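Letters A, B, ... mirror the listed sequences (proteins, then strands); counts begin at 1. Treat the numbers as computed from the prediction; the structure is a model and nothing was measured.
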2 protein chains.
Amino acid sequence: MLKITKRVEYALIAIRHLQENQDVLVSVSDISAAYGIPKEILAKTLQKLASSNIVKSYKGPTGGYKATKKIAETTLNDFFEILEGPTAIMDCYFQDGCDHLNSCNIRTPINKINDSIRNLFNNLTLADIAQ
Amino acid sequence: MLKITKRVEYALIAIRHLQENQDVLVSVSDISAAYGIPKEILAKTLQKLASSNIVKSYKGPTGGYKATKKIAETTLNDFFEILEGPTAIMDCYFQDGCDHLNSCNIRTPINKINDSIRNLFNNLTLADIAQ
DNA sequence: ACTATATACGACAAATATAATCGTATATAA
DNA sequence: TTATATACGATTATATTTGTCGTATATAGT
Ligand code: FES
Ligand code: FES
């Protein structure tokens, strides 16, 4: 439990790679080959990051991705939520159909844990954890 | 991602229930019925907590579980690790066979996130989140 | 002593979530 | 015009989680 997904792992790897190669345009194939990451998954992951302007994409041959200035100042919480949705240790806070709604005695504890984790991730940027 | 398991959810519910009924012995069936939790899973979960002295078990008819003094002072990290093993957002830190070992560029970031989360959970007790 | 009911524990099956693949469309440099 | 890159939806495969089943052991009550 409390594991990140491969998607997030791949995104972290890609972002660090892009940061270390800011002068050139890096394609999905490049990163995929360098770290042994399935191409299509990495592609879709970078597409998500591109639509949030964390990276910038360039189509066509010689195309690829580039880090943007936004990367460094992006918080872990933003980063995770772009890729995986709301930060919460239980689904019931964002979906309907919570099993225990009428006899639930852990709403407060769960909320406190959620708040603590969100607070932690909101105060850590990608720059912070990189160095 | 970053979700707790049902086991942990059930354990939290059970513990809160035991804390609110410290005067009586509560059986698995009682809790199972009250919150709609599968009996066998809850049983095994409480067995784990019992072997760590978070709760005390009593066999035989009229038997059941009781909260111990240890509950309140137990940290979230201890609690989670009793039920689910080491706190880490990726498996590779506790298992061998990490895919990216030779070309890994996210060891430092992952470590920092792990440390932050462990630090957070080590400084939160079950008493803290209950109130 | 016997019975009913509780915890204890391991093996298995079902359900769910995640990871990976496939197919197609679009943009663009050469 | 062609080759190569991103973009995106649908589907399959895999892994994990969740739940069930079967059996053993302890003990209170009769
Ligand atoms: S209401 Fe969803 S956890 Fe209690
Ligand atoms: S070595 Fe396992 S994440 Fe890098």
Legend entry - Min side-chain heavy-atom separation A:Tyr10-A:Ile31 under 4.5 Å: no
Inset, instruction - State whether the side chain of B:Arg118 and the backbone N or O of B:Asn77 hold a donor-acceptor pair below 3.5 Å, judged by distance alone. - result: no
Legend entry - A:Asn111 side chain to A:Thr108 backbone, donor-acceptor under 3.5 Å: no
How many Å lie between [atom1] on [X] and [atom2] on [N], as a whole number?
X: B:Gln47; N: C:dG10; atom1: CD; atom2: C1'; result: 11 Å
X: A:Leu42; N: C:dA19; atom1: CG; atom2: C1'; result: 13 Å
X: B:Leu2; N: C:dA17; atom1: CG; atom2: P; result: 16 Å
X: A:Tyr65; N: D:dA7; atom1: OH; atom2: C1'; result: 8 Å

Legend entry - Within 6.0 Å of NZ in B:Lys3, more than 12 heavy atoms from elsewhere: yes
Legend entry - A:Lys66 NZ: over 12 foreign heavy atoms closer than 6.0 Å: no
Inset, instruction - For DNA chain C, determine which residues of residues 14-32 of chain A have any heavy atom closer than 4.0 angstrom to one of its atoms, and list them numerically. - result: none
Legend entry - Residues B:Ser27 and B:Asp30: side-chain donor-acceptor under 3.5 angstrom: yes
Inset, instruction - State whether a side-chain donor-acceptor pair under 3.5 Å links B:Asp115 with B:Asn119. - result: no
Donor-acceptor pairs under 3.5 angstrom involving side-chain atoms of residues 48-62 of chain A: please list them, not counting sequence neighbours.
| residue | atom | partner | partner atom | Å |
| --- | --- | --- | --- | --- |
| A:Lys48 | NZ | A:Leu83 | O | 3.3 |
| A:Ser51 | OG | A:Lys48 | O | 2.9 |

Legend entry - Selection from C:dA30, C:dA8, D:dT6 that lies nearest to any side-chain heavy atom of B:Ser57: C:dA8
Inset, instruction - Would you give a per-nucleotide map of nucleotides 13-24 of chain D, 5' to 3', where B means the base has a protein non-hydrogen atom under 4.0 Å away, S means only the sugar-phosphate does, and - means neither? - result: ----SSBBB---
